[in-house]
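Here the structure comes first, spelled out in structure tokens, and everything after it is commentary.
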2 protein chains.
Amino acid sequence: MISEVTVSVPPKMADETFFLFARAADRVLKATDRLLAPFEICHRHYSVLLLIADDEEWSQTRLAKTMGLQKTRMVALIDMLESKGLIQREPNANDRREYKVILTETGKRTVKEIRSSFNKQRPSYLRELSGAETQEINRLLGRTIGPAVCQNDL
Amino acid sequence: MISEVTVSVPPKMADETFFLFARAADRVLKATDRLLAPFEICHRHYSVLLLIADDEEWSQTRLAKTMGLQKTRMVALIDMLESKGLIQREPNANDRREYKVILTETGKRTVKEIRSSFNKQRPSYLRELSGAETQEINRLLGRTIGPAVCQNDL
DNA sequence: TATTGTTATACTCTATAACTATA
DNA sequence: TATAGTTATAGAGTATAACAATA
């Protein structure tokens, strides 16, 4: 046996931001998916539900850009949510190429249920951070995403 | 047209940690891959190179666990790096089931080149953070990853 | 029995191009 | 001519089960 298996971050990787992001995002998104499993959706579906949750108007393309996905990927996401009766495509009279994506009544109820479920069981990855630290990492993540993520930035 | 496309983080998502992680990690890892493109490897390969860069001993399984990948995925990663002459599988006399994964001379040179390239062009996602903020996000990411990410934690 | 490296397989995700209907 | 939604397709990535060699 070569050596004891280390599962935590090796000291030499403690300042490799890209490595930390790969590990942390994987943990956070998997944990989120487990919390969402009872609702039979994953974190991407939940993002769509949250984005359209107030009565703002969202097209599929705008959803895709905001989530950093390609519009072609959004189709299947929306299809799935529609087949579960959580959202609805509504024709947009102003521009008949577009759809407005809106929550159904079931969708609104589901968002509330998920929100209350998330408030009850604080996910493990946040349990290790204080409230102030959670706010701080959210702020830094927002700065990392930046104001406009273009296709070819370094 | 429904409305102007917003590419930055919508205010209502500013505290949805999972959403921020999805967007930020995507940006960071894609930017890292672009910086690594001249070396014809991606961020995962670079993680392997960094982990084995000093003379510590690493088996494929240990690499997989440390990177949060399955051992089955590590095989192709190691195959690729070996075919490019950057690393070498060396039989481990103490346990003949294992290989020691080590850098070749070319591999050592490549790691140095990448390090110096990364020092020259600071990636855009870090450009928006100060040195102190970069240290802070690295620390918080480490805490997020936690001491031992098990398979079924919430 | 359990573990290391490996193959095979199926499934999801991603990237790209192209089509249609509208603008 | 450009854009929204869509389809098709090929390539990565992921998850799972199984196997041979070794412990």
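First the proteins, then the strands, lettered A, B, ... as listed; each starts at 1. Values below: all heavy atoms of this structure, side chains included; hydrogens, waters and symmetry mates excluded.
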Under 3.5 Å, which donor-acceptor pairs link side chains of residues 9-17 of chain B to any protein atom two or more places apart or in another chain?
{"unit_1": "B/Lys12", "atom_1": "NZ", "unit_2": "A/Leu51", "atom_2": "O", "d": "2.5"}
{"unit_1": "B/Lys12", "atom_1": "NZ", "unit_2": "A/Asp54", "atom_2": "OD1", "d": "2.8"}
{"unit_1": "B/Lys12", "atom_1": "NZ", "unit_2": "A/Asp54", "atom_2": "OD2", "d": "3.4"}
{"unit_1": "B/Lys12", "atom_1": "NZ", "unit_2": "A/Glu56", "atom_2": "OE1", "d": "3.3"}
{"unit_1": "B/Asp15", "atom_1": "OD1", "unit_2": "A/Asn138", "atom_2": "ND2", "d": "3.2"}
{"unit_1": "B/Thr17", "atom_1": "OG1", "unit_2": "A/Asn138", "atom_2": "OD1", "d": "2.9"}

Given the structure, check if the side chain of B/Thr72 and the base of D/dT14 hold any donor-acceptor pair shorter than 3.5 Å. no

Whole Å only: how far is the [atom1] atom of [X] from the [atom2] atom of [N]?
| X | N | atom1 | atom2 | answer |
| --- | --- | --- | --- | --- |
| A/Asp26 | D/dA15 | CG | C1' | 13 Å |
| A/Lys65 | D/dG5 | NZ | C1' | 13 Å |
| A/Met74 | C/dC13 | CE | P | 12 Å |
| B/Leu69 | C/dG5 | CG | P | 14 Å |
| B/Glu57 | C/dT4 | CD | C1' | 15 Å |
| A/His43 | C/dT12 | NE2 | P | 14 Å |
| A/Lys30 | C/dC13 | NZ | P | 13 Å |
| B/Trp58 | C/dT4 | CH2 | C1' | 16 Å |

Does [X] place a side-chain N or O at less than 4.0 Å from the phosphate oxygens OP1/OP2 of [N]?
| X | N | answer |
| --- | --- | --- |
| A/Arg62 | D/dT3 | no |
| A/Thr61 | D/dG5 | yes |
| B/Lys71 | C/dT7 | no |
| A/Gln70 | C/dA15 | yes |

Please answer whether the main-chain N or O of B/Leu126 pairs with a side-chain N or O of B/Arg122 as donor and acceptor at a distance below 3.5 Å. yes

Short side-chain to backbone donor-acceptor contact, B/Thr144 and B/Leu140, under 3.5 Å: yes

How close do [X] and [Y] get, counting heavy atoms only, and between which atoms?
| X | Y | result |
| --- | --- | --- |
| B/Arg23 | A/Thr66 | NE-O, 2.9 Å |
| B/Phe18 | A/Val28 | CA-CG1, 3.8 Å |
| B/Ala25 | A/Ala25 | CB-CB, 3.4 Å |

If the condition is side chain to side chain contact (heavy atoms under 4.5 Å, CB included), which residues does [X] pass it with, not counting sequence neighbours?
| X | answer |
| --- | --- |
| B/Gln135 | none |
| A/Thr106 | A/Leu86, A/Thr104, A/Arg109, A/Thr110 |
| B/Gln60 | B/Met74, B/Val75, B/Ile78, B/Arg89, B/Tyr99, B/Val101 |
| A/Arg96 | none |

Distances under 3.5 Å between protein N/O atoms and the N/O atoms of nucleotides 20-23 of chain D, please, pair by pair.
{"unit_1": "D/dA23", "atom_1": "OP1", "unit_2": "B/Arg96", "atom_2": "N", "d": "2.9"}

Residues of residues 77-87 of chain A with any non-hydrogen atom less than 4.0 angstrom from an atom of DNA chain C: list those, numerically ordered, please. none

Under the salt bridge (charged side-chain N to carboxylate O under 4.0 Å, His left out) criterion, do B/Arg27 and B/Glu128 qualify, and how do the steps go? CA-CA 13 Å; B/Arg27 178 181 194 193; B/Glu128 284 152 47; 3.6 Å; yes

Contacts of type salt bridge (Lys or Arg N to Asp or Glu O under 4.0 Å), residue A/Glu133, not counting sequence neighbours: B/Arg139, B/Arg143

How would you list, by chain and number, every residue that makes a salt bridge (Lys or Arg N to Asp or Glu O under 4.0 Å) with B/Lys112, sequence neighbours excluded? none

Show every donor-acceptor pair shorter than 3.5 Å between a side-chain atom in residues 35-50 of chain A and any protein atom, with sequence neighbours excluded, or say none if there are none.
{"unit_1": "A/Glu40", "atom_1": "OE1", "unit_2": "A/Lys84", "atom_2": "NZ", "d": "3.4"}
{"unit_1": "A/His45", "atom_1": "ND1", "unit_2": "A/Cys42", "atom_2": "N", "d": "3.0"}
{"unit_1": "A/Ser47", "atom_1": "OG", "unit_2": "A/His43", "atom_2": "O", "d": "3.2"}

Taking the axis from the first five pairs and the axis from the last five, what angle separates them in the helix from C/dT1-D/dA23 to C/dA23-D/dT1, rounded to 10 degrees? 10°

Could you pick out which residue, B/Val75 or A/Cys42, lies toward the 5' side of DNA chain C when each is mapped onto its nearest nucleotide? B/Val75

Between the protein and nucleotides 10-12 of chain D, are there any N/O to N/O pairs under 3.5 Å, and if so, what are the atom names and distances?
none

